[in-house]
Amino acid sequence: MNDEVAATAGNFIRHLIDSDIVANKNDGRVATRFPPEPNGYLHIGHAKSICLNFGIAADYQGTCNLRFDDTNPHKENIEYVESIQQDVRWLGYDWGDRLFYASDYFEQLYTAAVELVRAGKAYVCDLTAEQTREYRGTLTEPGTPSPYRDRSIEENFDLLARMRAGEFEDGARVLRARIDMASPNMNMRDPTLYRIRHGVIHHQTGEAWCIYPMYDFTHPISDALEGITHSICTLEFADHRPLYDWMLENTSVSCHPQQIEFSRLNLEYTVMSKRKLTELVEEGRVEGWDDPRMPTIAGLRRRGYTPESIRDFCTRIGVSKSENTVQMGVLENCIREDLNVKAPRRMGVIHPLKIVIGNYPQDQVEQLEVANHPQDESLGTRKIPFAAELYIDRNDFREEASKKFKRLVSGGEVRLRNAYVIRCDEVIKDAQGEIIELHCSYDPVTLGANPEGRKVKGVIHWVSVMHGIGAEVRLYDRLFSNPTPDAAKEDGDYKDYLNPDSLRTVTHCIVEPSLAEAQPGERFQFEREGYFCLDQDQQGSSKLVFNRTVTLRDSWAKIEQQQKV
Ligand code: ATP
Ligand code: MG
């Protein structure tokens with residue numbers, strides 16, 4: 001992992017930890033946690049939080065716990081629990097033996113609730129959800145105390161025990177903190193601590209509980225039980241901080257973690273809320289959580305992103321308190337730069353057009369030895385067969401073209417990458433006038449040498465007809481065609497901005513024979529086309545499927561430039 005970069009990237013949270021260490025707060029200990037709710041797959045925004053929490057733990061010789069915030073069983077399941085662990089590990093982080101579940105603490109949380117009841121700081125409230133909202137007041141008006149607010153401690157104690165025992169229906173009662181109905185901070189107006197939920201089987205605790213603690217109650221106590229020192233969360237929780245502190249001050253916990261907020265990652269051309277991502281999956285707008293167009297870690301992995309590129313991205317975007325939206329180009333550049341260095345080069349023809357080289361011996365095959373990387377010799381070489389019949393890409397030929405078209409034209413010359421210079425002598429068409437074949441000739445002295453007396457500028461890629469292997473290529477593009485799909489039109493929603501061209505599948509591509517040995521997930525640069533990886537989901541299919549990770553250059557930059565004009 002690129003620890004040098006991570007360690008030097010200072011931010012306000014690290015500065016704060018530095019001063020805590022100087023002051024010997026927490027005896028100089030640093031303990032963080034990453035607390036996902038297992039109600040969906042992790043996305044690139046979570047990666048920011050993962051890199052931050054695990055990165056701080058690594059750099060300060062501290063610890064980082066993985067804790068599932070699993071208090072909402074009807075939306076959670078074990079598939080999410082497992083995918084989250086897989087994704088954190090894949091990103092390069094290790095929680096060692098510190099895997100926890102908020103549900104591990106259900107008994108302790110209940111004890112804390114009883115403690116609040118006994119101290120007169122919590123009460124059982126029978127208002128309906130709607131009444132509770134009405135009583136809560138508004139930002140400009142104080143709330144009205146619930147008529148149940150002054151129940152006796154004994155009655156509250158009895159009712160809470162009976163809530164736990166399953167005597168009441170869902171929604172009949174809740175346990176609330178007794179704080180301040182007139183507080184200017186709405187979160188402090190007697191927030192709910194427990195609600196009743198029958199008939200759900202919790203993925204960890206099964207049917208042991210029919211009351212479930214709320215996030216604002218669970219989170220601070222879980223943090224304290226784990227001895228967390230710095231509880232890092234996103235900005236929307238800033239208004240909850242007084243409540244976080246209240247919980248810790250009013251229950252007997254042995255430490256008081258500090259909540260610190262930073263601004264969440266927003267990324268152009270995508271949505272990040274789990275509700276919306278779930279919707280895309282459930283409505284079949286994408287092929288699943290790991291669809292390569294999804295901003296999920298699983299999707300990015302299947303698309304061909306490396307963990308290094310995602311960590312690099314998280315370092316580049318930094319950590320602050322100001323709301324901002326990061327350009328998609330920043331993420332794409334991270335993978336481009338990483339793969340430029342790492343990915344072996346290959347040739348693959350996406351739209352094959354056959355050419356026949358008339359003056360090349362028709363039964364000869366030359367095995368050309370070719371470098372796998374133009375700058376990095378350590379990536380070795382491979383053999384590419386050259387023969388009289390080749391495929392080139394349809395887009396690399398025009399019957400007539402301006403001088404700007406540096407590829408093959410009728411009567412013109414072009415260099416075949418890693419091989420000879422050829423000339424197009426004749427264009428063969430079918431009855432409909434469609435080009436079906438080119439007849440060419442080659443210049444035998446141009447293998448690794450410039451032709452004599454003339455300049456040939458263009459270079460195109462090719463694959464031998466006899467040796468090439470068929471492949472499907474999935475050309476992925478951005479899932480949304482609008483940079484801010486969340487800022488929907490008045491009568492529409494983000495789905496109106498789904499990019500209809502986010503996936504183009506090309507089924508009859510021809511790739512060079514060495515790719516027969518490619519392993520699922522392996523990444524390559526297809527010369528002149530982009531970066532591709534062999535799809536990981538190849539079970540039972542003999543067909544090669546390559547996912548385009550990213551194009552060689554940012555084609556959207558131009559489009560955005562035009563839109564600004
Ligand atoms: P959503 O709002 O999409 O449902 P969430 O914040 O509820 O997401 P959690 O599973 O609770 O999702 O998130 C786990 C951790 O990841 C939290 O600490 C949260 O603050 C952080 N996180 C979630 N989204 C982002 C983001 N876009 N940028 C940075 N951190 C994020
Ligand atoms: Mg959450």
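This is a predicted model, so every value here is computed, not measured. Every number for a ligand or one of its atoms is a count from 1 in the order of the listing.
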Using a 4.0 Å heavy-atom threshold (strictly under), name the region of F34 that reaches ligand 1: side chain, backbone, both or neither. side chain
Compute the minimum heavy-atom distance from H43 to ligand 1 and say whether it is under 4.0 Å. yes
Out of all atoms in ligand 1, which are within 4.0 Å of some heavy atom of P35? Include the element for each. 14 (C), 18 (O)
Would you mind running through ligand 1 and noting each atom that sits below 4.0 Å from a heavy atom of E37? 9 (P), 10 (O), 11 (O)
Out of K48, K274, R264, the nearest non-hydrogen contact to atom 9 (P) of ligand 1 is supplied by K274
Kindly confirm or rule out an N or O of H46 lying under 3.5 angstrom from an N or O of ligand 1. yes
Give the contacting part of R275 toward ligand 1: side chain, backbone, both or neither, where contact means a heavy-atom distance below 4.0 Å. neither
Test your reading of the structure: does F237 have an N or O sitting under 3.5 Å from an N or O of ligand 1? no
Going by the order shown, which atoms of ligand 1 are within less than 4.0 Å of some heavy atom of S49? 16 (O), 21 (C), 30 (N)
Polar contact flag for S273 and ligand 1 (N/O pairs, less than 3.5 Å): no
Closer than 4.0 Å to some heavy atom of P36 - which atoms of ligand 1 meet that? 10 (O), 14 (C)
Ring centres under 6.0 Å, that's the criterion: do Y148 and Y135 meet it? no
Taking the six-membered ring for Trp, are F532 and F546 ring centroids under 6.0 Å apart? no
Ion pair check, E283 and K495, cut-off under 4.0 Å: yes
Taking the six-membered ring for Trp and the full ring for Phe, Tyr or His, determine whether the centres of Y269 and Y497 are under 6.0 Å apart. no
Side chain or backbone, does S263 bring an N or O within less than 3.5 Å of an N or O on ligand 1? no
Would you indicate whether Q131, at its atom CD, is surrounded by more than 12 heavy atoms from other residues, nucleotides or ligands within a distance under 6.0 Å? yes
Run the ring-centre check on F237 versus Y244 and record whether the distance is less than 6.0 Å. no
To the nearest 0.5 angstrom, please state how far the OG1 atom of T296 sits from the CG atom of D87. 7.5 Å
Please step through side-chain contact (heavy atoms from CB on, under 4.5 Å) for the pair R176 and L127, ending with a clear verdict. CA-CA 11 Å; R176 296 175 72 174; L127 291 180; 4.2 Å; yes
